[in-house]
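None of the values given here were measured: they were computed from a predicted structure. Values reported hereafter were calculated over all heavy atoms of this structure, with side chains retained and with hydrogens, waters and symmetry mates removed.
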Amino acid sequence: MPVKLRLQRHGKKGAPFYHIVAADARAPRDGKFIERVGSYNPNTNPATIDLDLDKSIKWLRDGAQPTETVKAILSYKGVLYRNHLLKGVAKGALTQEQADAKFATWLQSKQEKIDGKRNKLASAKTNAYQERLAAEIEYNKKKAEAIAAKNTPVVEEAPAVEEAPEVTEAAADTTEETAAE
């Protein structure tokens with residue numbers, strides 16, 4: 001019986017969620033399976049992958065063939081690298097401790113990359129929020145100014161009060177003379 005490691009679709013329309021299973025290659029996609037190895041949720045960023053490392057290595061060693069997508073997931077989680085190291089231990093190329101040390105350093109570097117991506121996404125989200133907030137504040141200021149300009153009553157100029165005609169110097173001299181007399 002040919003065994004495959006493949007995805008089994010769950011979830012609702014537009015929001016898929018997958019179980020990673022070991023199943024007979026002739027069984028339907030969502031049908032009977034032998035063992036559940038993990039789960040994969042592509043809806044999150046980065047995708048959430050929960051995988052039992054030991055079960056997946058056991059199935060690979062027993063000859064199960066992963067589909068292309070599952071192979072990419074296994075590679076991402078380090079299952080294929082771990083399997084490669086275990087083959088080296090079996091051949092005597094390295095010891096179990098060396099293989100464990102190599103795998104631990106690989107896992108640490110992989111986790112740092114994932115954390116870096118999460119931090120980058122979180123900071124981008126925060127920056128986008130700050131930019132939207134600043135744009136909204138600017139828009140609200142312009143809108144408030146427009147409303148204030150619209151609601152401010154137009155100041156009509158009052159009719160000019162006629163001033164007394166200016167007195168010329170000659171007329172001023174005559175008025176002074178008349179006042180002096």
Q: Give me the ring orientation class for His19 and Phe17: parallel if the planes are under 30° apart, tilted from 30 to 60°, perpendicular past 60°.
A: perpendicular
Q. Less than 4.5 Å apart, any side-chain heavy atom of Lys77 and any of Ser56?
A. no
Q: For residues Asn41 and Ile49, determine if any side-chain heavy atom of one lies less than 4.5 Å from a side-chain heavy atom of the other.
A: no
Q. Going by heavy atoms in the side chains, are Leu80 and Lys71 under 4.5 Å from each other?
A. yes
Q.
Please determine whether the number of non-hydrogen atoms from other residues, nucleotides or ligands lying under 6.0 Å from atom CD of Gln96 exceeds 12.
A. yes
Q. Taking all atoms of both residues into account, what is the closest heavy-atom pair of Pro42 and Ala47, and its distance?
A. CA-CB, 4.1 Å
**Q.** Heavy-atom closest contact (Asn43 atom, Pro16 atom, distance)
**A.** ND2-O, 2.9 Å
Q: Could you walk me through whether Gln111 and Asp115 pass the side chain to side chain donor-acceptor pair (under 3.5 Å) test, one step at a time?
A: CA-CA 6 Å; Gln111 189 61 40; Asp115 291 342; 3.1 Å; yes
Q. Shortest non-hydrogen contact from Arg29 to Leu7?
A. CG-O, 3.9 Å
Q. If you measure from CD1 on Ile114 to CG on Asn119, what distance do you get to the nearest 0.5 Å?
A. 12.0 Å
**Q.** Closest approach of Ala64 to Leu5 (non-hydrogen atoms, all atoms of both residues)
**A.** CB-CG, 4.1 Å
Q | Ring geometry between Tyr18 and Tyr40 (parallel below 30°, tilted from 30 to 60°, perpendicular above 60°) | A | parallel
Q. Taking all atoms of both residues into account, what is the closest heavy-atom pair of Lys4 and Ala25, and its distance?
A. CG-CB, 3.9 Å
Q: Find out if a path of hydrophobic residues (ILVMFWY) with successive side-chain heavy-atom gaps under 4.5 Å connects Val70 to Leu60.
A: yes
(Q) Test your reading of the model: is there a side-chain donor-acceptor pair from Thr126 to the backbone of Ala122, 3.5 Å cut-off? (A) yes
Q.
I want to check something: taking the side chain as every heavy atom from C-beta on, are Pro46 and Arg118 in contact at a cut-off of under 4.5 Å?
A. yes
Q: Test Gln98 against Leu85 for side chain to side chain contact (heavy atoms under 4.5 Å, CB included), laying out the working first.
A: CA-CA 9 Å; Gln98 290 172 331; Leu85 291 174; over 6 Å; no
Q) More than 12 heavy atoms of other residues, nucleotides or ligands under 6.0 Å from NE2 of His84: is that the case? A) no
Q: State, with a plain yes or no, whether a side-chain heavy atom of Phe33 is found less than 4.5 Å away from one of Arg6.
A: no
Q) Donor-acceptor pair, Asp52 side chain versus Val37 backbone, under 3.5 Å? A) no
Q. Do you reckon Trp106 sits in the same ILVMFWY cluster as Val79, going by side-chain contacts under 4.5 Å, direct or chained?
A. yes
Q. Could you give the distance from NZ (Lys55) to CD1 (Ile57), rounded to the nearest 0.5 Å?
A. 13.5 Å
(Q) Counting C-beta onward and ignoring hydrogens, is there a side-chain heavy-atom pair between Leu86 and Arg61 closer than 4.5 Å? (A) yes
Q. Counting only heavy atoms not in Lys113, do more than 12 fall under 6.0 Å of its NZ?
A. no
**Q.** Close side-chain approach of Val89 and Thr95, heavy atoms under 4.5 Å
**A.** no
Q: Grab the two heavy atoms, one from Pro66 and one from Leu74, that are nearest each other, plus how far apart they are.
A: CB-CD1, 4.1 Å
Q. Salt-bridged, Arg82 to Asp100, with N to O below 4.0 Å?
A. yes
Q: Look at the side-chain heavy atoms of Ile, Leu, Val, Met, Phe, Trp and Tyr, link any pair under 4.5 Å apart, and say whether Ile73 and Tyr81 land in one connected group.
A: yes
Q) Between Asp54 and Lys58, is the closest basic N to carboxylate O distance under 4.0 Å? A) no
Q. Can any side-chain N or O of Thr105 pair as donor or acceptor with the backbone N or O of Ala101 at less than 3.5 Å?
A. yes
Q: Determine, stepwise, if the pair Gln65 / Val3 fulfils side chain to side chain contact (heavy atoms under 4.5 Å, CB included).
A: CA-CA 7 Å; Gln65 294 297 314; Val3 177; over 6 Å; no
